[in-house]
Amino acid sequence: MLPEIGNIALIMALVIAVIQGTFPIYGAAKGNVAMMSIARPAAAAQFIFVAISFGCLVAAFVTNDFSVLYATNHSNSQLPMLYKVSAVWGGHEGSMLLWMLMIAGWGWSVALFSRKLPLEMVARVIGVMGLLAVGFFWFVLETSNPFERILPALADGRDLNPLLQDPGLAIHPPMLYMGYVGFSVAFAFAIAALLSGKMDATWARWSRPWTTIAWVFLTFGIALGSWWAYYELGWGGWWFWDPVENASFMPWIVGTALVHSLAVTEKRGSFKNWTVLLAIFAFSLSLLGTFLVRSGVLTSVHSFAVDPERGLFILIYLGVVVGTSLILYAWRAPKVGLGGRFALVSRETFLLTNNVLLIVACGAVLLGTLYPLVLDALGVGKISVGPPYFDMVFVPIMAVLVFFMGIGPLVRWKKAEIPDLVSKLKYAAGVSVVTAVLVPFIMGEWSFMKSLGILMAAWILSSIFVGIRNRIVLSAKAGGKIGSLSRSYYGMQLAHFGVAVFIIGVTMVNGYEEDKDVSMNVGDTVEVGGYTFRFDGVKSAQGPNYETQIGTLTLFHDGVEIDVMRPEKRYYNVQQQVMTEAAIDTGIFGDRYVSLGEPLGTRGGWSVRVYSKPFVDWIWAGCFLMGVGGFLAVSDKRYRLSSRKKSKRGIDETPDTENDESAKPVMVSVNEGKV
Amino acid sequence: MSRRVLPITVIVMFLAMLGFFYKGLQLDPQKLPSALLDKAAPSFTLPQLHDASKTFSLEDMKGKVWLLNVWASWCAACRQEHPLFMQLARQGGFPIYGLNYKDEVADAKQWLKQLGDPYIVSISDLEGNVGIDYGVYGVPETFLIDKEGVIRYKHVGPVSRTDWTEIIEPKMKELEG
Amino acid sequence: MNRKIVLLIVMLLCAPFLQANEAQLREDPAIKERFKAIASELRCLKCQNQTIYDSHAGLADDLKKQIRNQINAGKTDAEIVDYMVTRYGDFVRFNPAVDTKNIFLWVGPFVFLVIGGLLLYRYINVRRNEAVDDNESISEDDRLKAKSILEQSGDK
């Protein structure tokens, strides 16, 4: 019964999405208030019906309803409850439904938190989101219905892929989809702006918090995925430039560019066209990622089951959505004004350079990801493009980007002076270079890559220090309070700080990690990275839905026992699959990582792989800080205050609070002139 | 004017990408053509499975069109294609030679005893070195080798009846004719 | 099928080579470094997206043994990679060869960078030289906003 209700709810949601996607947009074009007013209730209703549908699917999993084909394929009565729920999005159909839940959820949030926006804008934004949803509902109902029945019902399900039976993987897809789908809001704002022909600073201010939040979710989602790969795949890697990883990374890169470009559009009215194009790109790349993951055109470890019919559907959808928006863009964008004038050396130029570099980086990743496909389609041959290629093209671009990143926040809007920047940053540059030369020597052997990485991190950190110090000193001199610096400023600096932490992690792991692949008998020891592992044997045990071999290794440092590590080798009964569960001894300055290989001989020996991974957790800590920085920026008073004022005085109101950052750089620099 | 250049370039590039994706949907990224296609088969001399004192080498097959089937007793997918091979062998004139890959001789013999032996000659590649020379990465694999000792076709995975009637058999006839 | 047998089969499939492990403990760091570099550039065909260095699949272990043997036999890195490519094709290389069919792959990013740089230069020049405060197209919001910023900053 419940699956049928879920199915009907899904059909209802489709009908509502059609209404939501047509009347409000038509109403906005004709100035019909009644039609535009449909937008908000429609968005709410759509969310409610998708939520009902999703709830029904969750119920099928939780109650072991194996008459539902999708549940049969992805669950099992022995599966622990947590994974029964997360198994809902463990396969293609359910993850599409989760995607739908999110697009409806974002649409509803726009309806809720847009009370201060002009109705016309709200109608267009929600309308565009409705149109996007129509395609997805149709796709789910037509090709990937999760409620399909199998009669007679099976006694038990085929179980969730053991790789996915992990808490990290339970939350990774929802985070990632929140990011992917979140860009649909930025996209909808961009399309609404193109439709209305009004693209101005207020438009940027409205879409900016949405974009940042989506970006934050995507950042968390990618970081979680990387962390999961690190501890679950058992070979200690954290990023492989796999097509599916790239599929999530490309929208992130463009989203990062968009977040920066929106800052300029909001504060200076410049780059409007460019910002709109980036918003279209960010969501298009999310869709492209969906296509790559679900169509099977590329080889990847993470792909869903392959079905050409689904691939074709998504391809057509991709073509329609992206094609229409690009044509709309080509038609409307050239009419938009250029915005404020700025000099060669100015914050605008730095942010634009950041954008160009990010887009070039994204282009390189896209090229590397699709090149094998292109060659194959041309019949030229099969090739692989992997980490060596991406590292080679990506690192230099990032190095240049980081150089600009250190300077950018210190540069004034409109016009800045190079001698002034030099005097501000000369000590930071000196400190960075010295650190970059010394640290690798202290750590051990010197190499160019290590020095480059340290240089980049030190440069970011020291310039953040200079920036914050300047602001505090100057705003104090100007009579302002220290606390008056806006949250968006601190958010930005925190996110940049996260980049530095991330770079330190990557540099240290790549430069100083050690690993050994050894065969050990009980009592044997192996030393790696200054730590000694003693192998104490392997025992069998029984898990809820698997049999397992648990190894015991005692970890020593300077002769002192510091940890007992228990890596596992599990055999999942239903899927008949062997899984390696690594054991990790986590520390601030690095991890010790052990994974079991295979049993050897008859005396309890095993092949074991041990790693020392210095600073590896800084990689995810850095991503976490970037995300928190994004949240901090969004929580800035500006986005709340200004909207409250708008309601009183109309939308043209310029924020004039002293907390507003848009006024700050100019003010600070003027004061500085007097010093 | 120039302000339309960027959007139009983007649209053109996007359309080209769609074209490649469409083509890509019909291709299988997992299918790898042999690097040795239309190249001389690597020569080898290996002991025979049933009598290790006898050897078998590539040169023995000069002037014949034949199939080299890589299999192992631990390979589950090999069981799928085996009945087809048995049937073709019973019909006669089926020139299939087995390369027993990284297996135990006893296990391999037992496997053939149990399921039947379609191979004219079986050879043992216990270390898998010949397998590496032939670029074997997934068992079973089947190579079609012509009279000059050139590899004309490689099939990865179990050979199905359609694979045989629509691809392999016609190719063999062509090479023999 | 009996579960234990399946388990055994799976374990056998993945059985690594004991000799390789022991050899690794004894070898000198320079060889280990070279070995790691080569094995990290080669794709484990059986496991889709993994290097043979990271993989424990049977074939990956065999190939690792091959690489060690060839290093010890005095082969150069390029020769060892060639050995793999002649057997498994270009697909086995994660670091694509620099050849005609891959030319755009390798040149592409630099082309992007040059085009991006040129566009950036042009765009900034336009903003700098051509009168930009085009009042007809700038929105009222922007004008007000710009005005207020100017007022606050104390500029003229």
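Sequence lines set the chain letters: A, B, ... in the order given, protein chains first and strands last, and positions in each chain run from 1. Predicted, not measured: the structure shown is a model, and the values here were computed from it.
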Heavy-atom side-chain proximity of [X] to [Y] below 4.5 angstrom:
X	Y	value
Thr51(C)	Phe240(A)	yes
Leu367(A)	Phe112(C)	yes
Leu233(A)	Gln50(C)	no
Lys101(C)	Leu378(A)	no

Measuring from atom [atom1] of [X] to atom [atom2] of [Y], what distance do you get when rounded to the nearest 0.5 angstrom?
X	Y	atom1	atom2	value
Trp274(A)	Tyr123(C)	CH2	OH	9.5 Å
Asn102(C)	Ile383(A)	CG	CD1	4.0 Å
Tyr53(C)	Asp517(A)	OH	CG	7.5 Å
Ser384(A)	Phe91(C)	OG	CZ	4.0 Å
Leu344(A)	Tyr121(C)	CG	OH	8.5 Å
Asn355(A)	Leu120(C)	CG	CG	9.5 Å

Checklist entry - Any idea which heavy atoms bring Asp90(C) and Lys382(A) closest together, and the distance? => result CB-O, 3.6 Å
Item to check | Worked verdict on Trp106(C) versus Tyr389(A) for ring pair (Phe, Tyr, Trp, His ring centres under 6.0 Å) | outcome: CA-CA 8 Å; Trp106(C) 286 107; Tyr389(A) 171 84; 5.0 Å; yes
Item to check | Pick from Leu119(C), Asp54(C), Val92(C) with the largest number of heavy-atom pairs that fall under 4.5 Å of chain A | outcome: Asp54(C)
What part of [X] gets within 4.5 angstrom of chain C, counting heavy atoms only: side chain, backbone, both, or neither?
X	value
Leu357(A)	side chain
Tyr371(A)	side chain
Val393(A)	side chain
Leu375(A)	side chain
Thr353(A)	both
Val356(A)	side chain

Checklist entry - Relative to chain A, which segment of Phe104(C) carries a heavy atom at a distance below 4.5 Å: side chain, backbone, both, or neither? => result both
